[in-house]
Amino acid sequence: MWNTIAAAPADAIFGLTEAFKKDPNPTKVNLGVGVYQDENGLTPVLDCVKAAEKLLLDEEASKNYLPISGDAVYAAEVQRLLFGDATEVVSSGRAVTVHTPGGTGALRVGGELLKKFRPTARVWISRPTWANHRGVFTASGFPLAEYDYYDPAGHGLDFAGMLASLRQVPAGDIVLLHACCHNPSGVDLSPEQWREVAALSRERGWLAFLDFAYQGLGDGVEADRCAVEVFAAGGADFFVASSFSKNFGLYNERTGALTIVSPNTAEAAVAMSHLKATVRVIYSNPPAHGGLVVAKVLSTPELHRQWLAELAAMRDRIKEMRAALVEGLARRGVAGDFSYITAQRGMFSFSGLNDAIVEQLRTEKGIYMVGGGRINLAGLRTANIDFVCDAIAEILRR
């Protein structure tokens, strides 16, 4: 069957990780893969997760299927995390949530559902965006278009260009927005800018689909949900894809959620019926463990507080590495102002390093970055920050 078929190209990011693993260089540094690493270079299991798993093990009485939509407590806690306590969107019942296999699964379920009811729509993605956004929505059958987002010259948000692009989006199309910690740039909108985008969505009649993979890793759980709150206050339809890979460290548990917000309870019930029908033919019902862990942590006050503290420690470490990189380059007299890196949020940064420099860093120094100069700040630590700064400074001086 396969002897006349060409091999599929390797995934850019996971392919980079494979190359990193095979590299014999003892001083190699992986700044490409999008996972959190601690000061020892490990991706830890959070203490609150371990505690929740012990409780679940003691309580477990069956491994029967979950409902198609997943555990009800999980869904309720996801909504509380998205919208806050005792908010109208939750109390009115106009938000519905299903447990999905990771944030990618949430995007794909949303894509499949939207394709059924908006078959002629396009999906608009930011320029740039996470590479897999293209694959997910193309696989769902959507043609793609781009809106302006990042200003490479100023290393910040091109908000005027973004608004100009979004004003051209036809009614009925779908706009994919990064709720916080934009991947790959690390450049986010301010609350006022989010209000302008939400107002434009209502004015133009396009549907917002928020990818919310990094809640809590920007400025905090509450501050990071600004975009969700702004769209919820507008009363229109929108989608939210959540992930607990990064903020809970549940990478291999593939724990995510898709939440649909509707103008009223009746429409939300219709949305849920079609969400369930979509899930049923893709994976039938979700895996239990990751969702039950999240539900246990978020619904147990002591574990919830512990999670917030551990999440804050991760967020602070990333910010410290941002500052260390900027300060390290400045001390080495590298030409240019890299302070924009400290203004970015989340695990990623557009470093400003071009592809030629990225290639030199990889081949000569064993420092791995994604093309375009995107770096994962969590890959930096005290043990390698001087080596990375020295390497960048040496190559930039050539």
Side-chain angles (χ1 to χ4, degrees), residues 1-45 101-105 128-136 139 183-186 213-214 217 243 245-246 249-255 314 317-318 321-322 324-325 328-329 341 346-398:
M1 176 177 174
W2 302 101
N3 64 357
T4 60
I5 298 174
D11 180 87
I13 295 176
F14 284 99
L16 191 72
T17 300
E18 288 302 313
F20 173 81
K21 290 178 179 178
K22 294 175 182 177
D23 190 337
N25 188 336
T27 60
K28 63 186 178 181
V29 179
N30 188 354
L31 303 180
V33 68
V35 299
Y36 177 79
Q37 297 174 43
D38 62 17
E39 183 60 24
N40 298 311
L42 302 175
T43 301
V45 180
T104 304
T129 194
W130 179 47
N132 207 29
H133 281 153
R134 293 182 176 276
V136 167
N183 181 4
S185 73
Y214 300 97
L217 287 172
S243 171
S245 294
K246 274 71 175 179
L250 293 172
Y251 296 95
N252 67 10
E253 300 295 353
R254 308 309 300 130
T255 307
M314 289 193 288
R317 198 188 91 73
I318 293 170
M321 288 300 100
R322 285 187 181 277
L325 178 60
L329 294 175
I341 290 176
M347 291 189 355
F348 302 115
S349 168
F350 257 6
S351 63
L353 304 175
N354 62 39
D355 286 347
I357 294 171
V358 168
E359 178 65 17
Q360 287 177 290
L361 287 168
R362 184 181 67 81
T363 56
E364 297 180 25
K365 304 295 184 180
I367 298 173
Y368 286 73
M369 302 178 184
V370 177
R374 188 209 81 172
I375 60 175
N376 175 13
L377 279 303
L380 295 171
R381 55 186 191 275
T382 303
N384 65 28
I385 185 66
D386 285 334
F387 170 68
V388 170
C389 289
D390 286 340
I392 294 172
E394 177 188 331
I395 290 175
L396 286 178
R397 288 196 188 102
R398 292 178 184 173

> Just how far is it from atom CZ of R322 to atom CG of L380, taken to the nearest 0.5 Å?
Replying inline: 10.0 Å
>> Do K246 and M314 make a side-chain contact, defined as non-hydrogen atoms from C-beta onward lying under 4.5 Å apart?
In response: no
> Going by the salt bridge (Lys or Arg N to Asp or Glu O under 4.0 Å) test, which pairs reach into residues 349-360, not counting sequence neighbours?
Replying inline: E359-R362
>> What's the separation between atom CD in E253 and atom OG in S245, rounded to the nearest 0.5 Å?
In response: 9.5 Å
> Are any of the side-chain heavy atoms of L16 and V33 separated by less than 4.5 Å?
Replying inline: no
>> Less than 4.5 Å apart, side chain to side chain, heavy atoms only: is that true for P44 and Y36?
In response: yes
> Which pair of non-hydrogen atoms, one from I392 and one from M369, has the smallest distance, and what is that distance?
Replying inline: CD1-CE, 4.4 Å
> Do you know which two heavy atoms are closest between C389 and A324, and how far apart they sit?
Replying inline: SG-O, 4.4 Å
>> So does V35 get a backbone contact from the side chain of N376, meaning a donor-acceptor N/O pair under 3.5 Å?
In response: yes
> Under the 3.5 angstrom rule, does the side chain of N40 hit a backbone N or O of L42 as a donor-acceptor pair?
Replying inline: no
> Is the backbone of T382 close enough, under 3.5 Å, to the side chain of E39 for a donor and an acceptor to pair up by distance?
Replying inline: yes
>> I need the full list of salt bridge (Lys or Arg N to Asp or Glu O under 4.0 Å) pairs touching residues 377-388, with sequence neighbours left out, sorted by first then second residue.
In response: R332-D386
>> Using the side-chain contact (heavy atoms from CB on, under 4.5 Å) criterion, which residues pair with I5? Sequence neighbours excluded.
In response: W2
> Could you state the interatomic distance from CD1 (I385) to CG (L325), rounded to the nearest 0.5 Å?
Replying inline: 5.0 Å
>> Under the rule for side-chain contact (heavy atoms from CB on, under 4.5 Å), what residues qualify as partners of V136, not counting sequence neighbours?
In response: T104, L107, R108, N132
> From I375 CD1 over to S349 OG, what is the distance, rounded to the nearest 0.5 angstrom?
Replying inline: 4.5 Å
>> So, taking the atom named CG in L361 and the one named CG in L31, what distance separates them when rounded to the nearest 0.5 Å?
In response: 9.0 Å
> How far apart are the C-alpha atoms of R134 and T129, what are their side-chain angles, what is the distance that settles it, and do they pass the side chain to side chain donor-acceptor pair (under 3.5 Å) test?
Replying inline: CA-CA 9 Å; R134 293 182 176 276; T129 194; over 6 Å; no
>> Does the Lys NZ or Arg CZ of R374 fall within the cation-pi geometry relative to F348 - under 6.0 Å from the ring centre and within 45° of the axis?
In response: yes
> Which heavy atom of I367 sits nearest a heavy atom of A391, and at what distance?
Replying inline: CD1-CB, 3.6 Å
> If you look only at pairs with a residue in residues 355-398, which of them pass as a ring-ring contact (aromatic ring centres under 6.0 Å, His included), with sequence neighbours excluded?
Replying inline: F20-Y368
> What pair of heavy atoms forms the shortest contact from G34 to Y251, and how long is it?
Replying inline: O-CE2, 4.0 Å
>> If we ignore hydrogens and angles and just use 3.5 Å, is the side chain of S351 paired with the main-chain N or O of G373 as donor and acceptor?
In response: yes
>> I need the T255 OG1 to L250 CG distance, nearest 0.5 Å.
In response: 5.0 Å
>> My understanding is that only residues two or more places apart in sequence, or in another chain, count here; which of them pass side chain to side chain donor-acceptor pair (under 3.5 Å) with D11?
In response: none
>> Does K365 form a side chain to side chain contact (heavy atoms under 4.5 Å, CB included) with Q360? I'd like the steps, not just the answer.
In response: CA-CA 7 Å; K365 304 295 184 180; Q360 287 177 290; over 6 Å; no
> Minimum heavy-atom separation for M321 to L377, with atom names?
Replying inline: CB-O, 3.7 Å
> Less than 4.0 Å between a side-chain N and a carboxylate O, is that true for E364 and K28?
Replying inline: no
